[in-house]
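Numbered from 1 within each chain, the chains take letters A, B, ... in sequence-line order. Because only heavy atoms are used, hydrogens play no part in the values below, and waters and symmetry mates are left out as well, while side chains stay in.
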Amino acid sequence: DAGITQSPRHKVTETGTPVTLRCHQTENHRYMYWYRQDPGHGLRLIHYSYGVKDTDKGEVSDGYSVSRSKTEDFLLTLESATSSQTSVYFCAISDLQSYNEQFFGPGTRLTVL
Amino acid sequence: AQKVTQAQTEISVVEKEDVTLDCVYETRDTTYYLFWYKQPPSGELVFLIRRNSFDEQNEISGRYSWNFQKSTSSFNFTITASQVVDSAVYFCALRMSGYALNFGKGTSLLVTP
């Protein structure tokens, strides 16, 4: 299994508070991604990174920011959490050598009250 | 625009039946990649297969087979002699520019004894 961890695995927070989710990989893959999964929507891309300090927006990026200061870590920040951001968040990694197969972390279940 | 449609929201079969999960995609790219992922009740996302647009050979892996047809823009997944352990949500996905994946909304498969 690809070495991808996410922390925390579960979090309950209140509306208006900032939240940071961490994705850590040990595979030295160049690309990293954050998706959210909601019933009836499948997985939707929030942000992705194609290298250290290189990031771009995805389909549902509003209300989220990301940072990647080193290859192994990709942080997702909810600047002011809202109830609509209650979701399961998945991190994924990929590399050109693997033909862009994405390997996913275990997910973080976030509840915003 | 790139789009993946999984028209079947839920499928229920009895063990040992064959079942086909449909996937229809839209893309303007001449080179593209399609994927299938499995999400069992435990929640992790498991990579099943990748298919390149220039390789139209069908693929068989044990009880799993995939039928890729560019003429109909379809990449269907068949499970032969289904088992209870096949119960999961199955996602079809299309690689976007930037290497992220555009997922269909998933098909929930329930296999009953």
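- The backbone N or O of Asp56(A) lies less than 3.5 Å from a partner atom in the side chain of His47(A), making a donor-acceptor pair.
- Contact annotation for Glu59(A): neither backbone nor side-chain heavy atoms come within less than 4.5 Å of a heavy atom of chain B.
- Interface residue Leu45(A): only side-chain heavy atoms are found under 4.5 Å from chain B.
- The distance from the NZ atom of Lys11(A) to the OG1 atom of Thr17(A) is 7.0 Å, given to the nearest 0.5 Å.
- Between Leu34(B) and Phe68(B) the shortest heavy-atom distance is CD1-CE1, 3.5 Å.
- With a 4.5 angstrom heavy-atom cutoff, Gln6(B) does not touch chain A via any of its atoms.
- Taking the six-membered ring where the residue is Trp, the centroids of Phe47(B) and Tyr37(B) are separated by under 6.0 Å.
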